[in-house]
There are 2 protein chains.
Amino acid sequence: MQEHEAQFRNYLKNRGLKLTRSRALILNAAFTMHEHFDAEKLHDLVKHANISLATVYRTLPLLVNAGLIQLAVHSGRRDRFEHILGHPQHVHWLCENCKAVMETDLSSLLPALENEAKALKFDISQISLSIKGLCWKCKADVNESQ
Amino acid sequence: MQEHEAQFRNYLKNRGLKLTRSRALILNAAFTMHEHFDAEKLHDLVKHANISLATVYRTLPLLVNAGLIQLAVHSGRRDRFEHILGHPQHVHWLCENCKAVMETDLSSLLPALENEAKALKFDISQISLSIKGLCWKCKADVNESQ
DNA sequence: AAACTTGTTGCAAATGATTCTCATAATAAG
DNA sequence: CTTATTATGAGAATCATTTGCAACAAGTTT
Ligand SMILES: [Mn+2]
Ligand SMILES: [Mn+2]
Ligand SMILES: [Zn+2]
Ligand SMILES: [Zn+2]
């Protein structure tokens, strides 16, 4: 069994919830994807098994609370997620023009943040750093058109 | 005239938009508040002047594009904003238990980020760093109840 | 393995924040 | 003041997400 399955099974058992066929399929679909995804995208991957969109929506918060996925970027009106296991924390660079998302390592900033957390007596569970602006490609385009 | 009014007037004029009574009132309401606010909260502050919620929603993106306010936290299903002028960039620490939001200075992290931006040739327009977890108070409560 | 208890699902209807339509009003310019 | 154009209120429309409910499936107990 994969690590994420074991973690989910454990999370569910701890609170008297059941590991159903639907939930297992949705979990695996989430770990199939290596980019950001929203509820509908996830549903696309499992609807062949007659799983409803409502069930996807009901499973998403379970996966979040189990520490398996997290809210990634909120662009537009849909929530977008990404899986966590095997995907270390990173910075999201969002181009406001072409909507591209780049990622860079967050580790160099971690010590400073952990220091501050200690000073605040704050228990960190998730760090989300996203930076909006213009990517190099769009910056070039803007300059051209001037 | 306040600095934010001048900046807004200038922004509007540059693109042939009009500085209306409604927009001026909404802008000032936004700078009246020193916490995060959503569209409805802003509307509460201006509806005495018979300003509709739709107009508030139409003005919000203008204020964002003018660099006067920014999306602060997207909690729950509502967008929450904060004014920028006179409110330097900061880190948001969100307690997942009591929903409290603390803020700390971001300046110590800026040099590292600006360096990375330079390497990526990325033009930063907004940095948003939010950290979820447990505040010291809730951490204490949790320990007690064990 | 059958019975039982409790949580789960699909479906469709409900919700709620945000956006849009359109007829009327306000603004900036000349 | 007149004109050209943008803005506004009211309410309808959107659309992602949530819910109610009756049928089902998972885990547990005989
Ligand atoms: Mn990511
Ligand atoms: Mn803030
Ligand atoms: Zn771009
Ligand atoms: Zn707290």
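Per chain, numbering begins at 1; letters A, B, ... match sequence-line order.
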Report whether [X] and [Y] are members of the same hydrophobic cluster (ILVMFWY, side-chain heavy atoms less than 4.5 Å apart, transitive linking).
{"X": "A:Met102", "Y": "A:Leu106", "answer": "yes"}
{"X": "B:Ile26", "Y": "B:Phe81", "answer": "yes"}
{"X": "A:Leu129", "Y": "A:Trp93", "answer": "yes"}

Test item: [X] and [Y] side chains (from C-beta on) under 4.5 Å apart, heavy atoms:
{"X": "A:Cys98", "Y": "A:Lys137", "result": "no"}
{"X": "A:Thr59", "Y": "A:Ser22", "result": "no"}
{"X": "A:Cys95", "Y": "A:Leu134", "result": "yes"}

| field | Heavy-atom donor-acceptor pair, A:Asn28 side chain to A:Ala24 backbone, under 3.5 Å | value |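 Pair found, side chain donor or acceptor close to backbone of A:Ala24.
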
| request: Hey, can you tell me if A:His83 and A:Phe31 have their rings parallel, tilted or perpendicular (30° and 60° cut-offs)? | output: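 Ring orientation of A:His83 relative to A:Phe31: parallel.
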
| request: Indicate the ring-plane relationship of B:His90 and B:His92, choosing parallel, tilted or perpendicular according to the 30° and 60° boundaries. | output: perpendicular

Listing time: all N or O pairs from protein to nucleotides 18-22 of chain D that are below 3.5 Å?
{"from": "D:dG20", "atom 1": "O6", "to": "A:Arg58", "atom 2": "NH1", "distance (Å)": "3.3"}

| task | Could you encode protein contacts along nucleotides 25-30 of chain D as a string, one character per nucleotide from 5' to 3', using B for base contact, S for sugar-phosphate-only contact and - for no contact, with a heavy-atom cut-off of under 4.0 Å? | result | BBS---

| request: Return the residues of residues 23-48 of chain B meeting this criterion: a heavy atom under 4.0 Å from some atom of DNA chain D. Order them by number, or give none. | output: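 Contacting residues: B:Arg23.
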
| field | Any residue meeting salt bridge (charged side-chain N to carboxylate O under 4.0 Å, His left out) with B:Arg78, in chain and number order, not counting sequence neighbours | value | B:Asp38, B:Glu40

| field | Pair A:Glu103-A:His36, side chain to side chain donor-acceptor pair (under 3.5 Å): steps then yes or no | value | CA-CA 11 Å; A:Glu103 306 192 339; A:His36 298 170; 3.0 Å; yes

| Those residues that, when tested against B:Lys47, pass side-chain hydrogen bond (donor to acceptor under 3.5 Å, both in side chains) (two or more places apart) |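 Applying side-chain hydrogen bond (donor to acceptor under 3.5 Å, both in side chains) to B:Lys47 gives B:Asp44.
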
| field | Opening and closing nucleotides of DNA chain C in contact with chain A, under 4.0 Å to non-hydrogen atoms | value | C:dT6 to C:dT19

